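Structure, as structure tokens:
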There are 2 protein chains.
Amino acid sequence: MPWQWLLLVNGYSMMARRSSEDKKERILDAATVEIARRGYHQTSVAVIARRAGVADGTIYLYFKNKEEILVSLFTRALGRFIAQGKDKLAGLPDAVAKLRAIVDLHLTLVGQDRDLAIITQVELRHSLHFLEELSRAQVGEYLGVIAGVVAEGAASGLFRRDLDPMLAAKAVFGVLDEMATDWVLSRRNTRLEAKAPEVAALVLGMVGANGPAA
Amino acid sequence: MPWQWLLLVNGYSMMARRSSEDKKERILDAATVEIARRGYHQTSVAVIARRAGVADGTIYLYFKNKEEILVSLFTRALGRFIAQGKDKLAGLPDAVAKLRAIVDLHLTLVGQDRDLAIITQVELRHSLHFLEELSRAQVGEYLGVIAGVVAEGAASGLFRRDLDPMLAAKAVFGVLDEMATDWVLSRRNTRLEAKAPEVAALVLGMVGANGPAA
DNA sequence: TGTATAAATGAATGACTATTCAGTATCCTA
DNA sequence: TAGGATACTGAATAGTCATTCATTTATACA
């Protein structure tokens with residue numbers, strides 16, 4: 001059975017690499033793939049374990065329960081997001097450039113990994129409780145960054161002065177999030193970041209910075 | 001036990017009214033409340049039945065299975081949405097007024113019933129399969145209406161002429177959807193439609209119609 | 001009122017699966 | 001190499017719950 005062989009070989013080779021601590025990574029990678037394909041509730045812990053090449057019980061050495069896998073998935077992804085984002089935003093001259101960069105970054109990073117995108121755009125939104133957690137802790141920080149850029153732009157006169165920065169930030173996030181979800185749902189394999197210039201034009205229009213489209 | 005009494009009394013009085021066909025309505029109403037509070041997967045068919053004042057098995061005389069309850073919930077809500085929307089949009093003079101009306105209507109209708117809003121903004125997005133269904137069939141029509149307004153505005157010179165109507169429509173929807181979700185997640189009991197003028201200003205800016213902010 | 005049809009009931013069924021834990025393998029140190 | 005600590009295993013457990021269907025109850029009509 002070649003298929004199972006591949007899994008085993010893969011499992012062992014990775015184990016050989018750094019047996020102990022990237023086992024957690026392996027579990028998260030396996031969970032990403034399985035949950036993206038079947039959905040969170042239809043994915044049993046057993047199939048995640050099988051794909052990761054570990055026993056069912058091993059999962060519980062690394063995660064308190066099934067839900068914590070989902071949380072960790074998001075935390076890891078957001079960590080990478082922020083890491084890649086920080087420096088790219090730092091050296092930019094003005095709020096217009098920064099907002100453009102945010103659009104580009106958001107679409108590029110979401111567009112990088114479809115399985116992960118399915119999780120962030122669909123599976124992660126499972127329950128009110130869950131969404132609240134994420135929303136408050138993690139996305140809140142991201143919204144804060146956008147709001148900061150909006151405030152900067154308004155102060156410098158590049159954007160409309162009468163903006164509520166937080167409301168505008170939510171609107172910007174809404175646009176980006178919808179683009180991401182739409183891309184996930186459309187099975188065509190376009191590149192998400194290809195839309196960035198046009199989306200940036202829309203978003204800049206929203207805050208009152210009237211540049212030409214792209 | 002006064003609480004259970006109330007349920008029974010309520011149940012029977014409604015049964016008396018038009019026993020046969022609003023039983024389906026009763027089940028949907030019960031499902032709305034229970035699913036909004038506990039989430040879809042934590043809500044058993046039994047508790048929906050109990051709140052509706054029917055037996056478990058009765059549910060299956062009206063719905064093929066549990067998932068169909070959720071689908072019907074959405075279909076019913078969207079039906080009302082469209083019904084209320086059609087005439088309000090009809091008599092409006094130009095694309096700016098129409099877009100304003102869409103913003104107002106969307107926020108007003110979502111803001112009308114928090115339980116229903118929890119379902120549309122959170123519980124309905126449970127699985128890729130599910131979202132795809134909804135997205136394609138139902139929301140697609142709504143997006144089409146918005147895109148039509150955008151195209152009209154672009155043609156008449158009120159909006160930017162270089163807009164891709166469908167992309168702009170998705171952006172508009174993204175803004176509205178994010179406002180709705182944000183309202184659902186924030187426990188404060190503000191009125192969602194209070195934000196309509198400010199949101200409309202953002203949305204109009206996005207399509208290049210530069211009016212003053214409300 | 002009696003009978004046929006339709007509607008409603010709710011206990012029983014059958015599947016599914018998150019989590020545990022007693023036992024096994026592996027690693028490390030002296 | 002012993003033997004203690006650590007990591008891993010996977011079969012068994014303990015629930016949960018959607019769905020069915022043999023009965024019962026209501027309705028319509030003669």
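Per chain, numbering begins at 1; letters A, B, ... match sequence-line order. These numbers were taken from a predicted model, which means no experiment stands behind them. Just the heavy atoms: all of them, side chains too, but no hydrogens, waters or symmetry mates, feed the values below.
- Per the geometry, CZ belonging to B:R50 stands 11 Å off P belonging to D:dC17, to the nearest Å.
- In this structure, CG of A:D22 is placed 15 Å from P of D:dA7, rounded to the nearest angstrom.
- Rounded to whole angstrom, the span from the CD atom of B:Q42 across to the C1' atom of C:dA18 amounts to 14 Å.
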Do any N or O atoms of the protein come closer than 3.5 Å to N or O atoms of nucleotides 10-15 of chain C, and which pairs are they?
{"from": "C:dG10", "atom 1": "N7", "to": "B:G57", "atom 2": "N", "distance (Å)": "3.2"}

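- With respect to the salt-bridge test (charged N to carboxylate O, under 4.0 angstrom), the residues B:K170 and B:D164 do not qualify.
- With salt bridges taken as basic N to acidic carboxylate O contacts below 4.0 Å, one links A:E34 and A:R51.
- Atom CD1 in A:I69 sits roughly 12 Å away from atom C1' in C:dT19 (whole-Å rounding).
- Going from atom NE2 of B:H41 over to atom P of D:dC17 covers 12 Å, rounded to whole Å.
- Straight-line distance from the NZ atom of B:K24 to the P atom of C:dA7: 13 Å, rounded to whole Å.
- Judged by the 6.0 Å and 45° rule, A:K66 forms no cation-pi pair with A:Y60.
- Of the side-chain N and O atoms in A:K23, none sit less than 4.0 angstrom from OP1 or OP2 of D:dA7.
- The cationic group of B:R188 does not satisfy the cation-pi geometry with B:W183, failing either the under 6.0 Å distance to the six-membered ring centre or the 45° limit from the ring axis.
- For the pair A:Y60 and D:dT9, the criterion of a side-chain N or O lying under 4.0 Å from OP1 or OP2 is not met.
- The NZ-P distance, from B:K66 to D:dT20, rounds to 15 Å in whole Å.
- Electrostatic pairing of B:K195 and B:D182 does not count as a salt bridge here, judged by no charged N lying under 4.0 Å from a carboxylate O.
- Here the nucleotide nearest the side chain of A:L61, chosen from D:dT19, D:dC8, C:dA8, is D:dC8.
- Among residues two or more places apart in sequence or in another chain, the side-chain hydrogen bond (donor to acceptor under 3.5 Å, both in side chains) test is passed with B:D115 by B:R37.
- By the 6.0 Å contact criterion, CZ on A:R191 is open, its count of non-hydrogen atoms from other residues, nucleotides or ligands being 12 or less.
- Taking atom CD1 of residue B:I59 and atom P of nucleotide D:dC21, one finds them 18 Å apart after rounding to whole Å.
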